[in-house]
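These notes concern the structure reproduced below.
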Amino acid sequence: MPMKGRFPIRRTIEYLQKSDIFFKNTVKIMTVNYNTHGELSEGARKFVFFNVPQIQYKNPWVQVVMFKNITPSPFLRFYLDDGSQVLVDTEGKTNKEILQHVKKILGKPEEVLRAEELAKMVHSNPANFGPKKYFPRECMCEMEGQVPCPGLIPLPKEMRGKYKMQAEAEDA
Amino acid sequence: MFGVVSVRTAPLFRLLSPTCFQAVTVRGRKSRNDPKAKSKADRVKVPPPVDLAEMVVLKERFTQYELIIRALRAEFKEEMLCQRYEEEVGSLAEEKARHETEQHRMLMAWNDAENERLRKLREHRVKQEQEQEELKTLQVALALEKRMEEYIKEKELEILTLQEESKNFITLDNLEQRIEDALDNPKNYNFAIDKEGRIVKRTEQK
């Protein structure tokens, strides 16, 4: 069964995860004004078509709004939480240039992303045991190569305390 | 393990004390209401035997050990809390916030410069487009004017030729004269022409 729509690759998880723009926590709304016709709006149109889904996937808490054919020239506008607005003119730019520009001014820098990743890893240590919801495993009996759960398969007599005590009693 | 196994463990020194015979309660295989097994009916549970001298020594050692461990634990916890506080509220956080605002300001300045550059480009382009428009309208006007002039000239020429021809028109005044001229000078159209238009053959008019 073929995929639906033009450029259906935009709907794949792999494509969506390719983006590396994580907006700063202060960015709340992103507005894109562009036109459906005209050479100058071509970059903005491509940005909306190819890159906005990726950005939204990585920033689910940022509201993205699109306006078509309202203004003669295309631009992006970001609304931050302190009330200020950031205008980015995109007339004549390609979608890649727009992406790089946005990443530079409002994307989290590499160091911050790495630090956040480290902090997340520290909190979620994969070596911990606990409920399935939060940890990879609950008991060692789940692991391949370890002693199976005595609840399912009884332990051999040598490992059971009852028989060990009996053996000691007999010896004594 | 499946099935919740809750073990209520008392601290070690309490187990070692001679006065308390607190047993370790484990639920295990049987539920609360199951009777005791027949083989265990006479069994008297006796706590493990205690060597008094060893117990005294161990108690002493355990108190010291636990004191040290507790101190270490508190030390590490204090260090971690301090660090977290520093990161969230203290000077480190202030430094970070200051750095971030500075960075933000610089990036906004760069963005403004970029917008300015694009604005200049746009204005230049708009100006050029306007000039081209003006040129175009001018050219159109000139072309129209030229066409009108040509039209007028053509019409004037037509009028002149008509005036010239009107001299040879037959009017009521010279009607009789022209009739007599025509009768006096009969024209013979009985001729054949070749492809080049030269007259080849003539036949006499009867």
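Chain letters run A, B, ... following the sequence lines, proteins first, then strands; residues in each count from 1.
By the neighbour-count criterion of 12 heavy atoms within 6.0 Å, atom CD1 of A:I9 is sparsely surrounded, having that number or fewer from other residues, nucleotides or ligands. Within a 6.0 Å sphere centred on CE of B:M148, other residues, nucleotides and ligands contribute 12 heavy atoms or fewer.
Residues of residues 72-105 of chain A lying under 4.5 angstrom from chain B, judged on non-hydrogen atoms, are A:S73, A:L80, A:V86, A:L87, A:V88, A:D89, A:E91, A:K93, A:H101, A:K104, A:I105 by number. Residues of residues 21-46 of chain A that come within less than 4.5 angstrom of chain B, heavy atom to heavy atom, are A:K24, A:L40 in numerical order.
Between the side chain of B:N174 and the backbone N or O of B:I170 there is no donor-acceptor pair closer than 3.5 Å.
Of the two parts of B:E114, only the side chain, counted from C-beta on, holds a non-hydrogen atom closer than 4.5 Å to a non-hydrogen atom of chain A.
Residues satisfying the salt bridge (charged side-chain N to carboxylate O under 4.0 Å, His left out) test with A:K132, not counting sequence neighbours, are A:E142. With sequence neighbours excluded, no residue forms a side chain to side chain donor-acceptor pair (under 3.5 Å) with B:D112.
Nearest heavy atom pair, residue A:Q54 against residue A:S19, reads CB-CB, 3.5 Å.
In this structure, CD in B:E134 is found 12.5 Å from CD in B:Q139, a value given to the nearest 0.5 Å. Taking CD from B:E66 and CZ from B:R70, the interatomic distance works out to 6.5 Å, rounded to the nearest 0.5 Å. Taking CG of B:L121 as the reference point, atom CD of B:E116 lies at 11.0 Å (rounded to 0.5 Å).
Partner of B:E123 under the salt bridge (Lys or Arg N to Asp or Glu O under 4.0 Å) criterion, chosen from B:R119, B:K120, B:K127: B:R119.
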